[in-house]
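Read the structure below first, then the notes.
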Amino acid sequence: GTSHKHATSEWTLDYPPFFAWFEYVLSHIAKYFDPQMLVVENLNYTSRATVFFQRFSVIFTDTLFIYAVHECCRCINGKRAAKDILEKPTFILAVLLLWNFGLLIVDHIHFQYNGFLFGLMLLSVARLCQKRYLEGALLFAVLLHFKHIYVYVAPAYGIYLLRSYCFTANNADGSLKWRSFSFLHVTLLGLIVCLVSALSLGPFLVLGQLPQVISRLFPFKRGLCHAYWAPNFWALYNAMDKALTILGLKCNFLDGTKIPKASMTGGLVQEFQHTVLPSVTPLATLICTFIAILPSVFCLWFKPQGPRGFLQCLVLCALSSFMFGWHVHEKAILLAILPLSLLSIQRAKDAGIYLILATTGHFSLFPLLFTTPELPIKILLMLLFTVYSFSSLKSLFR
């Protein structure tokens, strides 16, 4: 029972334990396609069978995403009676989610399993909208142990569940009745979180391997920004530092020999050393994120608006974390775009915000596909999706 760790590849599994089990299950099917892809020492290995298996497995696991979209569409109250099915809000929502450009390129061209993960997230949202709170909480807890990027939106879930599920009644003015606080409901929620966490992290705790898991999940040795500089506050901060450095060298304020050579290339990102502006620590990014999400969480607690308010808070938490988080991946913008799709078909104002965010957010994913043959594909797909979202939402609110 001795535990050991692999350092064969620089690409460590920086996902939580449930995802490792998911990969383990996939490997039992993968061996029938090409056993060579399962050899750890086979770095940069590729074959037609491997690529076929990867694509097939992504498409197959997307069935969960399709089911989640179906459940979300059931939550939408179709107040607008449309004669044509193509103009029904639920149809538009289904297209905006199922044909989402960002998800399409990140999963099916860049290759990842986000459809399946977003399926879990949308299903948990649908369950909360249906007032099936424990199911929603369980799904989200499981999701967090599949991919911890969803911790960005955890505050919205936590506050909404406390406010809507643990307080069973309100006063006439909407304020809390403290006597309506349900200890049973809190205990049930706590049990769900603890059981899922024990199932996921328990074995590592017993084997004394928890520090190994944590160090891979939170790689603070990687830089402030991800490989292609997700367009957030810190990307601007780095760009500003570079500009001030160049200006300082030109005006002879800085000594060129003392400036460190910053390396910001490749998928694994080294530290970016700031020359003029103060260096940013992970703690500083955490504090900035916390301050940014406070207003939306406050609104969710003090001015509850049901599922709609929860979705608004979810989007704002995702955007705050995207703007100020440490080492944010470009795809994190989808955490805001997908839930906002649900709001976009309900109010014209939200539709307008959705169109701006989806267009700019999807454009920011372009660097993930960097080869020449992919250029026309990504431009065409993006155009198709953008034109559809503008025309369909315009016809919905005309």
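All values reported here derive from a predicted model rather than from experimental measurement.
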Just do the side-chain contact (heavy atoms from CB on, under 4.5 Å) check on Gln212 and Phe204 with the steps written out, would you? CA-CA 9 Å; Gln212 270 298 320; Phe204 296 94; over 6 Å; no
Check step by step if side-chain contact (heavy atoms from CB on, under 4.5 Å) holds for Ile92 and Leu86. CA-CA 7 Å; Ile92 294 169; Leu86 299 178; over 6 Å; no
Distance in Å, [X] [atom1] paired with [Y] [atom2], rounded so as to fall on 0.5 Å steps:
| X | Y | atom1 | atom2 | value |
| --- | --- | --- | --- | --- |
| Leu224 | Phe233 | CG | CZ | 10.0 Å |
| His362 | Ser389 | NE2 | OG | 8.0 Å |
| Phe91 | Glu87 | CZ | CD | 11.0 Å |
| Thr46 | Met37 | OG1 | CE | 9.5 Å |
| Leu139 | Ile192 | CG | CD1 | 9.5 Å |
| Leu120 | Leu138 | CG | CG | 10.0 Å |

Which heavy atom of [X] sits nearest a heavy atom of [Y], and at what distance?
| X | Y | value |
| --- | --- | --- |
| Leu96 | Ser344 | CD1-OG, 3.8 Å |
| Ala94 | Val69 | CA-CG1, 3.9 Å |
| Ser321 | Tyr152 | CB-CG, 3.3 Å |
| Ala198 | Pro203 | O-CD, 3.9 Å |
| Thr90 | Cys73 | CG2-O, 3.3 Å |
| Pro373 | Pro376 | O-CD, 3.4 Å |

Mind checking whether [X] and [Y] have ring centres under 6.0 Å apart?
| X | Y | answer |
| --- | --- | --- |
| Phe116 | Phe22 | yes |
| Tyr113 | Phe111 | yes |
| Trp234 | Tyr237 | yes |
| Phe385 | Tyr388 | no |
| Tyr157 | Tyr133 | no |

Taking side chain as C-beta onward, heavy atoms only, is [X] less than 4.5 Å from [Y]?
| X | Y | answer |
| --- | --- | --- |
| Leu128 | Leu161 | yes |
| Leu319 | Leu357 | yes |
| Phe101 | Leu384 | no |
| Phe366 | Ile379 | yes |
| Tyr45 | Val39 | no |
| Tyr354 | Ile345 | no |
| Ser182 | Val186 | no |
| Pro339 | Met121 | yes |

With distance as the sole criterion, is a donor-acceptor pair present between the side chains of Gln36 and Asp34 under 3.5 Å?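 Note: Gln36 and Asp34 side chains miss the donor-acceptor criterion.
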So if I apply the ring-ring contact (aromatic ring centres under 6.0 Å, His included) rule between His148 and each of Phe218, Tyr15, Phe18, which one comes out positive?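 Per the ring-ring contact (aromatic ring centres under 6.0 Å, His included) rule, the option paired with His148 is Phe218, out of Phe218, Tyr15, Phe18.
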[X], [Y]: one ILVMFWY side-chain cluster at the under-4.5 Å cut-off?
| X | Y | value |
| --- | --- | --- |
| Phe302 | Leu162 | yes |
| Phe324 | Val315 | yes |
| Phe183 | Phe167 | yes |
| Phe397 | Leu355 | yes |
| Met240 | Trp326 | yes |

Does the side-chain contact (heavy atoms from CB on, under 4.5 Å) test come out yes or no for Leu103 and Lys331, once each step is laid out? CA-CA 8 Å; Leu103 208 49; Lys331 72 179 176 205; over 6 Å; no
For [Y], does its backbone N or O pair with a side-chain atom of [X] as donor and acceptor, under 3.5 Å?
| X | Y | result |
| --- | --- | --- |
| Arg163 | Trp301 | yes |
| Asp107 | Asn114 | yes |
| Gln346 | Leu342 | yes |
| Lys147 | Leu117 | no |
| Ser197 | Cys194 | no |
| Asn232 | Ala235 | yes |

Geometric class of the Phe60/Phe56 ring pair [parallel <30°, tilted 30-60°, perpendicular >60°]: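 Geometry flag for Phe60 against Phe56: parallel rings.
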Is the ring pair His329/His226 parallel, tilted or perpendicular, if the boundaries are 30 and 60 degrees?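 Tilted: the ring planes of His329 and His226 meet at 30° to 60°.
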Applying side-chain contact (heavy atoms from CB on, under 4.5 Å) to Leu343 and Leu340, what does each step give before you reach the verdict? CA-CA 5 Å; Leu343 291 170; Leu340 190 55; 4.0 Å; yes
Using the side-chain hydrogen bond (donor to acceptor under 3.5 Å, both in side chains) criterion, which residues pair with Thr372? Sequence neighbours excluded.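 None.
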So does Arg132 have more than 12 non-hydrogen atoms from other groups sitting under 6.0 Å from CZ?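 Yes, the 6.0 Å shell around CZ holds more than 12 heavy atoms from other groups.
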Test of understanding: with salt bridge (Lys or Arg N to Asp or Glu O under 4.0 Å), list the residues that count as partners of Arg308, not counting sequence neighbours.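 Salt bridge (Lys or Arg N to Asp or Glu O under 4.0 Å) check on Arg308 returns Asp350.
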